[in-house]
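The sequence lines fix the lettering, A, B, ..., with proteins before strands; numbering per chain opens at 1.
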Amino acid sequence: MVPRNFRLFHRDWRFLFFKTIMEVGKMDFRKEIAAKISKLTELEEEKISSLIEIPPQGNMGDYAFPCFTLAKTMRKAPNMIAAELAKQFEQDAILEKAEAAGGYLNFFVNKTEFIKATIQEVLEKDTDFGSTKEGEGKKVLVEFSSPNIAKPFHIGHLVNTVTGNAIEKIFKHLGYDTVKLNHIGDYGTQFGKLIVAYKLWGNDEVIEKDPINELLKIYVKFHDEAEKNPALEDEARKYFKMLEQGDEEATALWKKFKDLSLMEFKKLYDDFNITFDSYAGESFYSDKMDEVVEILEKNNLLVESNGAKIVDLEQFNLPPCMILKSDGATIYATRDLAAAIYRKRTYDFYKCIYVVGNTQALHFKQFFNVLNLAGFGWYKDCMHIGTSLVKFADRKLASRKGDVIFAKEVVDEAVSKTLEIIESKERKLENPTEIAKKIGMGAIIYIILKNNRDRDIAFSWEDMLSFEGESGPYVQYTYVRGKSILRKAGDFNFEAADYSHLNSEDEFNMVKLLDAFKDAVKEAAERYEPFVISRNVTELAKAYNKFYNTHPILNAEENIKAARLNLTKAVCSVIKTGLGLLGIDTPENM
RNA sequence: GUUUCCGUAGCUCAGUAGGAUAGAGCGUUCGCCUCCUAAGCGAAAGGCCGUGGGUUCGAUUCCCGCCGGGAACACCA
C-alpha cells in the first residue's frame, strides 16, 4: 500500500507542479509545504498543515514547521530533525528554500508566485474572499440585541447588538445558513405597571415625540408613587393579569408601547444597518410555557422550594433553576426554555448562539442544563457567547448622566464629531452627513469589536471619539485613499502586471496579510471573536499606509504601476470585506 | 462565602493548544505635506508579562497558593 501510494503521489506531485505554473492563482502554499514534509516524515499532511506557523520575524522565513512534536517519535533533538529535513529539501518553482533554525524548519516561498497567486485570488473572489462552504446546509441561529420594551437602549445593549451582528455575518461568510433573532423583552409584570402609569399620567403628544424616555419617565414615577401608595402595585398586577387574559384595553395599550419602542429601536438598527429575521420576543412564547412545565413534570424534575417550583442542579454544582414563582407565574428561564424548544422544532438548528452579556452566564448554564436533564440532547448545540461589560474609565462625564450612557447619545456624539472633522478639512465632500454617519458608526463598532469579549470595555469619550491610529476611521481612510488612486488610474488589468516588480519587503508583507485574512475569518468563527478580523484588517491598513507613504503608485513606471494598482485593488477589496463582516460600512470618500 | 472573568509599557489592549529578540494604538519627545486624501508616515523613550512556588531541556503561556480588581449567586430580565 505504501509504495503504491507513494508512486501515485509522485505522479500527482508532478502534475501539481505543472499545474502551478498554469493556474498559479489556485496555489495553496501551506499545503505544498505540508506535502513536502509529509514525504520526508511519517506525519500526515493535515497534521502538518495545522502545525505550520508564521515566524515572528519576516526575515526568518515565510512559513515555519516546528519540529518539537517530532522529537518524541523520532527520538532525536528538534534541531537535528530540522537540520536533516532542511538537507533533504528540494526547491521548486514555488518553494525556494528551507532553512533550519533551532527546532524550526523555515520555508521561503517564491515571492513573485506568492504575490501573484494571492492577488489573483482576491481579485477573482472579491467580496467572497475568505468565504468557504464549511457551513453548507447547516442552520445557525444567532440571538442578539434583545432590548426591553419601554426601556432605553444603552451602551451595553449596543455592545451585544454589534457583536451579535458581526458573529452572524462571519458565520454566513463561512457558508452557514444564519437566522438573526431579536428576543425582545416584551412581557412581564412591568407592563402592568406601565399601563397603570400611562392611564394616570400618560400624555400621547409627549409620548409620540420621545416614546422611550417618556415611557421610562412615567414608569419611574410609578415606582416613586407606589412607595407612598402600595395600592398601585395591586392595580399593576391586575392589569398584567388582564393582559395575560387578553383584555382588549390592556392588550391595545401593551401593543402601543411595543410598537412605539420598536420604532425607536429600529431607528437605531437602521443607523447600524442591522436587520433581524425574527422579532419573536418573550410574549410570543407566553402560550408555549405550559408545555415546558409539563415536560419537566413528566421527567420528575420540578421540586417545590419555598412555594416556588425549581429544578435542582446540584449535580452540576450550580444553584437551582427557578421555573415557576410562588404565585405560579413563569419566569425568564421558563420563557427561554420554551423559546429553545420552539426554535429547535422550527429551525432544527445546527447551533443556537445566544449573544448576551457576560453577566447572564449563570442563567444560561442553568437553563442549558435543564434542557439536558429534560432529555434534549441538542442542548450541547446551544451556546452562550458572553459580551463585555461596559465600565467607565472616565467617570466625570459618565456620572453627570447618572452613570448610564445611551446608545443614541454615543451615535450622536460620534456623528457630530465626524462632521466637525469633515468641516475642518479643505476638501469638500458632496454628502457630508451620509459619510459622517458611516464613519461615526464605524468608529463605534470598531471600539466594541477591537478586543476580546471576556474583558470589560473601559468606556471613555476620548477613546470613542478618537479617529486616529487603531480605529474604524483609520481603516476606512486607508480604503478611501486606495479607492481614490484606483479612480484616478482608470483602466488596467491583472494580466498586464508583472509581479516581480513588487519586490519590496512592504509589498510582500501586505500580501501575506491578504492571505492571512482567510485564516482570520475561520479563527473568528471558531472563537466567536470578531476582533480577530479587526486585527487582521487593521494590520493590513497599517501595511498599506506605510507602502503608500514610501512608494509611488500612479507616478511609478508603467510596468510597476500595473502591479501596484492590482495590489491596491486587492487591499481595498479585503478591507471592504473585512469591515463588512464587522458591520462597518466603507465610504468611497472622506 | 460560592462560582466565574481579569491582572502584560503612563493609559487602552494584542500575544499564550509551552518554544525563536514579548508587540500595537493612544499619550510624550523629535522629524515628514513642490508628489497619488497628513483621519497619514518615520524615529526615540517607555516592560522582574501582579506575586510566591511547582511541572519541564524551556513558563508571560500549564498546575497550586497568595495579593489586587470586576461580575453573578432563585420569586427582575
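Residue A:Lys542 places none of its side-chain N or O atoms closer than 4.0 Å to OP1 or OP2 of B:C41. Applying the 4.0 Å criterion to OP1 and OP2 of B:G15, one finds that A:Arg527 has a side-chain N or O inside that range. Close to B:C41, at under 4.0 Å from its OP1 or OP2, lies a side-chain N or O of A:Asn545. The phosphate of B:U37 has OP1 or OP2 within less than 4.0 Å of a side-chain N or O from A:Ser484. Proximity of A:Lys365 to the phosphate of B:A72: no side-chain N or O atom is located under 4.0 Å from OP1 or OP2. Residue A:Arg455 places at least one side-chain N or O closer than 4.0 Å to OP1 or OP2 of B:G7. Proximity of A:Arg564 to the phosphate of B:C36: no side-chain N or O atom is located under 4.0 Å from OP1 or OP2.
By the criterion of a centre-to-centre distance under 5.5 Å and near-parallel planes under 30°, the ring of A:Tyr548 forms no stack with the base of B:G40. No aromatic stack links A:Tyr474 and the base of B:G40, using centre distance under 5.5 Å and interplanar angle under 30°.
Listed nucleotides B:C26, B:G15, B:A20 differ in distance to A:Phe531; the shortest reach to its side chain belongs to B:G15. Among the nucleotides B:A24, B:A72, B:U21, the one closest to the side chain of A:Met60 is B:U21. The listed nucleotides are B:U37, B:A20, B:G25; the one nearest the side chain of A:Pro56 is B:A20. Among the nucleotides B:C5, B:C36, B:U37, the one closest to any side-chain atom of A:Asp454 is B:C5. For A:Ala458, whose side chain is taken as the heavy atoms from C-beta onward, the closest listed nucleotide among B:G25, B:C13, B:A20 is B:C13. Side chain of A:Phe68, nearest nucleotide from B:G19, B:C36, B:A20: B:G19. Distance from the side chain of A:Glu468 is smallest to B:C26 among B:A74, B:C26, B:A14. If you check B:A72, B:C75, B:A38 against the side chain of A:Ser326, the one that comes closest is B:C75. Closest to the side chain of A:Arg481, out of B:A38, B:A17, B:C13, is B:A38.
When Watson-Crick and G-U wobble pairs are counted only if both distances are under 3.5 Å, B:G1 pairs with B:C73. B:G47 is unpaired under the criterion used here, namely a Watson-Crick or G-U wobble arrangement in which both key atom distances are under 3.5 Å. Applying the Watson-Crick and G-U wobble criteria (two distances, each under 3.5 Å), B:A20 pairs with nothing in any strand. B:C33 makes up no base pair with any nucleotide shown, lacking Watson-Crick or G-U wobble contacts both under 3.5 Å. Nucleotide B:U60 has no partner under the Watson-Crick or G-U criteria, as no pair reaches both atom distances under 3.5 Å. Summarising the base pairing, B:G7 is matched to B:C67 through a Watson-Crick or G-U wobble pair whose two defining distances lie under 3.5 Å.
Among the heavy atoms of the strands, none lies under 4.0 Å from A:Ala489. Within the 4.0 angstrom heavy-atom criterion, no nucleotide atom of any strand lies near A:Gln366. As judged by a 4.0 angstrom heavy-atom cut-off over every strand, A:Ile310 is placed among the base-contacting residues. Residue contacts shown for A:Asn589 include a base, since a base heavy atom lies under 4.0 Å away. Using a 4.0 Å heavy-atom criterion, one finds that A:Ala361 contacts no nucleic acid atom at all. Across all strands shown, A:Leu362 has heavy atoms under 4.0 Å from sugar-phosphate atoms exclusively, and none from any base. Nucleic acid contact class of A:Ile447 (heavy atoms, under 4.0 Å, all strands): none. Using a 4.0 Å heavy-atom criterion, one finds that A:His551 contacts the bases of the nucleic acid, with or without backbone contacts as well. Heavy atoms of A:Asn451 sit under 4.0 angstrom from primed sugar atoms or phosphate atoms, though from no base atom. In this structure, A:Leu318 reaches neither bases nor backbone, as no heavy-atom distance under 4.0 Å exists between it and the strands shown.
For B:C33, the glycosidic angle deviates from 0 by 90° or less, giving a syn base.
For B:A74, its base sits under 3.5 Å from the side chain of A:Ser305 at one donor and acceptor pair at least. Interface remark: the A:Asn106 side chain does form a donor-acceptor pair with the B:A20 base, using a distance-only criterion of under 3.5 Å. If you check distances only, the side chain of A:Ser466 never reaches the base of B:C26 with a donor-acceptor pair under 3.5 Å.
The gap from the P atom of B:C35 to that of B:U28 amounts to 28 Å, rounded to the nearest Å. Using atom P as the reference point in both B:A9 and B:U51, the two lie 11 Å apart (nearest Å). For B:G40 and B:G25, the P atoms lie 11 Å apart once the distance is rounded to whole Å. Going from the P atom of B:A20 to that of B:A59 covers 11 Å, rounded to whole Å. Rounded to the nearest Å, the gap between the C1' atom of B:G15 and that of B:U21 is 15 Å. B:A38 sits 23 Å from B:A24 when the P atoms are compared, rounded to a whole Å. Going from the C1' atom of B:C30 to that of B:A72 covers 50 Å, rounded to whole Å. Nucleotides B:C13 and B:G27 have their C1' atoms positioned 14 Å apart, rounded to a whole Å.
A distance of 8.0 Å separates CZ of A:Phe467 from CD1 of A:Ile439, quoted to the nearest 0.5 Å.
Distance A:Glu53 CD to B:U16 P: 10 Å, rounded to the nearest Å. Atom CD1 in A:Ile457 sits roughly 19 Å away from atom P in B:C5 (whole-Å rounding). With rounding to whole Å, A:Asn509 atom CG is found 15 Å from B:C41 atom P. The CD-P distance, from A:Gln360 to B:C5, rounds to 18 Å in whole Å.
If you find the closest nucleotide of RNA chain B to A:Cys321 and to A:Tyr187, the one lying nearer the 5' end belongs to A:Cys321. In this structure, A:Met322 and A:Asn555 both approach RNA chain B, and ranking their closest nucleotides by distance from the 5' end singles out A:Asn555.
Residues that satisfy the salt bridge (charged side-chain N to carboxylate O under 4.0 Å, His left out) test with A:Glu526, not counting sequence neighbours, are absent from this structure.
The side-chain tip of A:Lys569 points at the ring of A:Phe492 from less than 6.0 angstrom away and within 45° of straight on. Both the sub-6.0 Å distance and the 45° axial angle are satisfied by A:Lys288 relative to the ring of A:Tyr342.
In this structure, a donor-acceptor pair under 3.5 Å is absent between the side chains of A:Thr478 and A:Tyr548. Using modelled atom types, one finds no donor on one side chain facing an acceptor on the other under 3.5 Å when comparing A:Thr163 with A:Tyr528. The closest side-chain donor-acceptor pair between A:Asn545 and A:Arg481 falls under 3.5 angstrom.
Between A:Lys417 and A:Glu420 no salt bridge is recorded (no basic side-chain N to carboxylate O distance below 4.0 Å).
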Could you walk me through whether A:Tyr104 and A:Tyr63 satisfy the ring-ring contact (aromatic ring centres under 6.0 Å, His included) test, starting with their C-alpha distance in whole Å, then the side-chain angles of each, then the deciding distance to 0.1 Å, before giving a yes or no? CA-CA 10 Å; A:Tyr104 291 91; A:Tyr63 292 98; over 10 Å; no
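The shortest distance between side-chain heavy atoms of A:Asp519 and A:Arg30 falls below 4.5 Å.
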